[in-house]
Amino acid sequence: MTRYRVALNVVLTVVVVVVTLLPALSGHVRPWWAYPLAVAASVPVFWRERAPLRVGLVVGGATTGLALAGTPPLLPLGALVAVYTIAALGSLAARLVGVAGTALGVTLSLVPPGDDAELLRYLAVAYVAAFALGTGARARRVQVTALRERTQRLEQEQRAAVLRERTRIARDLHDILTHSVGIMVVQAEAGPILVRDDPDRADAAFAAIATTGRDAVVQLRRAVGALRESSDESFDPPGLAALPALVAQARAAGLDVALHRTGQDVDPPADVAVAVYRIVQEALTNVVRHARARSVRIALHGTADELTIEVADDGRGRRGETGGRGRPGEADGRGRPGETGGEAAGHGLVGMRERALACGGTLETGTSDAGGFVVRAVLPR
């Protein structure tokens, strides 16, 4: 118990002791056993919260004994407090036993001495009121507990929602950076060669670098702004409508990219549309950075229940998560010397698979019959 509860029980016990002992100490001489009964009918109230039923039985029995001895307390305060506590803190069985014990005690206290019915009504009303007050206290405590648990559950759900949103934004940041930087690196590496051999294409490459960089800055600003608690700016990742722009960026990097959409032309839910965009974006990033491919085919096929995405290139295929693309520092056929292609593409494949699973879909990767690499995802609509 807290200090406040201890102090409250001490004060309450003192009041009950005084009210119970006064009749036994005043007036004519009482039987000697009336004094221990008065103590038993008052002092145990201090432990009422630890053992409501046992305290109620002791206090109620002692109060009945005082009434039979002809020295009833002015007010059976100890028994009333015990009844209140049983109703407020006791189990269902304890409350039933308490009600039965109270009825028996009142009957034994009043019938043998021949007290009038008015006193019986007075005591009955007092005990019923004490039990009703205890029941009300129990109901309030249950309500407060339920509200506290509901508040905690809502706080946990809010924290989980914030964590999911931040995780989603972190994935988007990864996709933005890897895709944009990958395109820019490829264009920048080709720029010096094109300046000497084909100035027009060099200008186009540098323009593509600038365009990709500006687009990445805009998306990064929105994503970081959404992470600020005080920011009113929301970050809405691109969906299917942004796929043509994504294809244009890959074409600017020198890839021959074809986008085909067949089947039912029904827009999927927002989370599925974002997953489609990010999967295609990550697949194109891996092609640009690791595949040494010349062409890529992107196929979207929709049915009433699902949307299938397939990204296939004509580069050198790989198997598994890392695809056996060699060790760090070696030219592995899917990247440049000194690049850890297995780790880079491996993380990308894991990210794509997590996005598909988050939407309730699946993602498979592997080598095509022509030797290139294929990413195939099936997402619900």
Please test T308 against L300 for side-chain contact (heavy atoms from CB on, under 4.5 Å), starting from the C-alpha separation and ending with a verdict.
-> CA-CA 6 Å; T308 303; L300 276 71; over 6 Å; no

Is there a path of hydrophobic side-chain contacts, each under 4.5 Å between heavy atoms, that joins [X] and [Y]?
X	Y	answer
V43	V19	yes
Y127	V58	no
L349	V378	no
V17	V83	yes
V59	V128	no

Quick one: do L147 and V144 satisfy side-chain contact (heavy atoms from CB on, under 4.5 Å)? Show the steps, please.
-> CA-CA 5 Å; L147 289 175; V144 169; 5.6 Å; no

For atom [atom1] of [X], decide whether the heavy atoms of other residues, nucleotides or ligands shown that lie under 6.0 angstrom number more than 12.
X	atom1	result
R261	CZ	yes
R141	CZ	yes
E157	CD	yes

Side chain proximity check, [X] to [Y], heavy atoms < 4.5 angstrom:
X	Y	answer
T20	L77	no
L240	P268	yes
I298	L284	yes
M352	V375	yes
L123	P76	yes
V311	V296	yes
R48	V45	yes
V287	L255	yes

Where is the tightest heavy-atom contact between [X] and [Y], given as atom of each residue plus distance?
X	Y	result
V374	A312	CG2-CB, 3.9 Å
I86	G98	CD1-CA, 4.3 Å
D314	A293	OD1-CB, 3.2 Å
T85	P52	CG2-CB, 4.0 Å
P380	C359	CG-O, 3.0 Å
V257	A250	CG2-CB, 3.7 Å

Any chance you could measure [X], atom [atom1], to [Y], atom [atom2], to the nearest 0.5 Å?
X	Y	atom1	atom2	result
Q264	D305	CD	CG	8.5 Å
Y277	R355	OH	CZ	11.0 Å
E149	L154	CD	CG	12.0 Å
T13	N9	OG1	CG	6.0 Å
T135	Y84	OG1	OH	10.0 Å
E306	T362	CD	OG1	8.0 Å

So, does [X] use its side chain to make a donor-acceptor pair with the main chain of [Y] at under 3.5 Å?
X	Y	value
R251	D256	no
D313	F373	yes
S42	V39	yes
R138	A87	yes

Among L8, V55, L89, V6, the one residue meeting side-chain contact (heavy atoms from CB on, under 4.5 Å) with E49 = L89

In sequence, state the C-alpha distance, the side-chain angles, and the governing distance for H301 and T262, and then conclude on side chain to side chain donor-acceptor pair (under 3.5 Å).
-> CA-CA 5 Å; H301 180 73; T262 59; 2.8 Å; yes

Between I279 and L363, is a side-chain contact (heavy atoms from CB on, under 4.5 Å) present by the stated rule, with each step listed?
-> CA-CA 9 Å; I279 289 173; L363 185 137; 4.1 Å; yes

Check against side chain to side chain donor-acceptor pair (under 3.5 Å), R159 and Q156 | CA-CA 5 Å; R159 287 195 293 268; Q156 293 174 355; 5.6 Å; no

List for me each residue that meets salt bridge (Lys or Arg N to Asp or Glu O under 4.0 Å) alongside E310, sequence neighbours excluded, and say none if there are none.
-> R297, R376

